[in-house]
Amino acid sequence: MTSTLSEQQLLVDDPTWWRQASVYQIYPRSFADANGDGIGDLRGIISRVPYLQQLGIDAVWLSPFYPSALADGGYDVADYRDVDPKIGTLDEFDQMVAALHGAGIRVIVDIVPNHSSDLHVWFQQALAAAPGSPERARYIFRDGLGEDGSQPPADWTSMFGGPSWTRVPDGQWYLHLFAKEQPDFNWDNPEVREDFHQTLRFWSDRGVDGFRIDVAHGLTKDLAETLPTQAELDAITEPGTHPLWDRDEVHEIYAGWRKVFDEYSPPRIAVAEAWVDTSRRPRYASADGLGQAFNFDLLEADFDAAQFTKIIADNLALSAASGSSTTWVFSNHDVVRHATRYALPARNGRPGKQGRDWLLSGGTEPVADVDLGLRRARAATLLMLGLPGSAYLYQGEELGLPEVADIPADQHQDPAFFRNPGVDPGRDGCRVPLPWTRGGASFGFGAGTAHLPQPAGYGDLSVEAQDGVAGSTLELYRAALALRHELQTDETLAWVDASDDVVHFERPGGWQVVTNFGTEPTALPDGEVLVTSEPLDGGLLPGATTAWVRTA
Ligand code: GLC
């Protein structure tokens, strides 16, 4: 791998690199498969470092690659300090970090602290040990209710549907807020706390630059003797008072992690996945804690000027409150891809995750307007890349990939699909392996068949089909990411116009970003048009299009 000295200097020197970084999320099992077994691997990632470098991102975030039985796509971790043999080895991990660093790309890994896999050695020891033993005290075990203890300690529903408590052969029950293969740790236990410090150091010592913290609003719980019912939990509205989520005490843990991060130079960074009330988000993003937190507001919004304007303004104010930078994200491994969300009718405040009903119908109801969805997704992304703060991108969005809606039932993998049949369509449709070439076995993903079926016609969206093609989504991302590097300076934004169907703001240096959310063409400011998400229409900005203009 060739790299310039300046790139390596940059990696060493800048402790604020994360504040306005563009971070590309890799779901390792579906990115690139070097050994042809149908599962993406670390050697596959290494082979695509030139692609990532050309894309122009600052960092990659790797979803879990740890040993796992894949009860939840790798978010069931059996060993926090190793690589799944199906994906690679620790040596290959080191090679991957070196290759990415050599290309000027930083590395963020996923830490899953709320729960382990049931195959984790600690949980296996807990099962083998007696009730009340130190082994069981690393997890959350309780006796059941009823005379014979055959009723669960509470009637709680897990995040993937089905019960949150599972009984073990000696009659006790353990808590799992997600799948039953994901027992929740007992964070009151100092041993658990110490072990995660070791894990953070283990990866930091290997050169990892930062961490994405899974379910950061979980971990600590108030499990007083009489547990509330699910109905009582559902009735809680006051932020910060829920016994299972977003408890104030969790920040003591992150204060300890911050000390670990600060042992390194530059300090390791972290970003919290915290699905919390907006008012509580700055705590996760504070400089004494994790330092940055996702906001999923854009991901839940319609393609709508008023919604976007409010979200941008609110989040800039929030990040000012924590001293962190804002984060933006449209797609990740948990949600319907934004090219498809925007192809569906606006949600207009309807509850539930956008696109779920459509997925349950097998992608037929309502009919998705695929062209409009992609057009809007491109406009939305170009707007996002013009905002101050960090932009998180999900693998395949740079190809404009749609959600895959026709995965046969027997080929699904997500526990959400199986635990909540007919209600939750699961998340496999955004985890389908990437198409790299127009044809061939698994469209260049690997030499074998991909572990999730790829749709026919996927090759037309492949890297090969878009590389060097003017106007392709891939070339739009490359152009925008390169320009972003040139243009990005202070984390400030001044509104030029935020009315009706247009969102228009200016960044320092006369960099203006204009998005037309409507259907009628609108005028652009005078200046040099740097990039547009669609061709202009006689000098005007067409509907569902973004332009960057340099006015200074
Ligand atoms: C997070 C992950 C998701 C996973 C869950 C449980 O929300 O993003 O994929 O299923 O945590 O670990």
Side-chain angles (χ1 to χ4, degrees), residues 23-31 40 60-80 84 108-120 123 139-140 156-162 164 166 175-185 187 196 199 211-219 221 244-246 250 270-276 281 284 290 292-296 299-300 327 329-337 353 356 359 392-396 403 412-420 424-432 452:
V23 183
Y24 181 88
Q25 181 189 355
I26 293 182
Y27 188 76
R29 287 176 181 79
S30 298
F31 185 67
V60 293
W61 145 32
L62 267 68
S63 279
F65 48 81
Y66 314 109
S68 170
L70 301 184
D72 179 19
Y75 285 88
D76 47 321
V77 179
D79 182 347
Y80 288 85
D84 192 324
I108 296 173
V109 301
D110 220 306
I111 294 291
V112 188
N114 182 67
H115 44 262
S116 71
S117 158
D118 59 345
L119 298 179
H120 191 285
F123 194 72
Y139 293 90
I140 300 170
W156 304 341
T157 304
S158 87
M159 295 302 288
F160 295 145
S164 289
T166 289
L175 177 67
H176 53 90
L177 294 181
F178 292 85
K180 73 172 181 3
E181 297 85 357
Q182 293 169 296
D184 281 44
F185 280 118
W187 275 91
F196 272 87
T199 295
F211 303 94
R212 177 262 187 190
I213 311 305
D214 188 69
V215 194
H217 56 308
L219 285 65
K221 291 152 187 120
L244 305 179
W245 301 113
D246 187 26
V250 78
V271 55
E273 185 214 20
W275 293 85
V276 297
R281 202 183 300 137
Y284 293 85
L290 295 176
Q292 196 180 47
F294 281 119
N295 96 68
F296 296 114
L299 181 151
E300 296 188 314
T327 57
V329 53
F330 284 114
S331 282
N332 63 32
H333 66 295
D334 288 332
V335 298
V336 171
R337 286 184 176 277
K353 287 206 170 136
R356 280 196 169 196
L359 269 181
Y392 285 82
L393 309 169
Y394 177 52
Q395 68 179 37
E403 186 80 4
H412 271 279
Q413 298 177 7
D414 187 2
F417 176 85
F418 296 108
R419 287 180 65 95
N420 223 346
D424 193 329
R427 300 160 295 179
D428 294 313
C430 64
R431 300 176 178 182
V432 173
L452 275 170

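FYI, side chains are in, hydrogens and waters are out, and symmetry mates aren't considered; it's all heavy atoms of this structure. We count ligands from 1, going down the list as the structure has it; atoms in each ligand are counted the same way. Since the structure is predicted, the reported quantities are computational estimates derived from the model, not experimental observations.
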Distance, nearest 0.5 Å, that separates CG of L177 from CD of Q182: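 Atom-to-atom, L177:CG and Q182:CD are 10.0 Å apart.
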Interatomic spacing from CZ in F178 to OG in S164 - rounded to 0.5 Å: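 F178 CZ to S164 OG: 9.5 Å, rounded to 0.5 Å.
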Which atoms of ligand 1 sit under 4.0 Å from any heavy atom of [X]?
X    : result
H115 : 6 (C), 12 (O)
R431 : 9 (O)
R427 : 3 (C), 4 (C), 9 (O), 10 (O)
E273 : 1 (C), 7 (O), 8 (O)
V215 : 1 (C), 11 (O)
R212 : 2 (C), 8 (O)

Candidate with minimal heavy-atom separation from atom 11 (O) of ligand 1, of N332, D72, D214: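 Of the listed residues, D214 has the closest heavy atom.
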M159 to ligand 1, any heavy atom closer than 4.0 Å: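 Distance cut 4.0 Å: M159 fails for ligand 1.
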F160 near ligand 1 by a heavy-atom separation under 4.0 Å: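 Flag set, F160 near ligand 1.
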Within the 6.0 Å centroid threshold, strictly below: H176 and F123: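 Not close enough - the centres of the two rings lie 6.0 Å or further apart.
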Steps toward side-chain contact (heavy atoms from CB on, under 4.5 Å) verdict (R419, D424): CA-CA 8 Å; R419 287 180 65 95; D424 193 329; over 6 Å; no
Heavy-atom pair of closest approach, residues S116 and Y80: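 Smallest interatomic distance, heavy atoms only, reads CA-OH, 3.3 Å.
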Nearest atoms (heavy-atom pairs only) where S63 meets D110: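 Heavy atoms only, the tightest pair is CA-OD2, 3.6 Å.
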Minimum-distance protein heavy atom relative to atom 9 (O) of ligand 1: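 For atom 9 (O) of ligand 1, the nearest protein heavy atom is D334 OD1, 2.7 Å.
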D84 (side chain) donor-acceptor with S68 (main chain) under 3.5 angstrom: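 At least one qualifying donor-acceptor pair exists.
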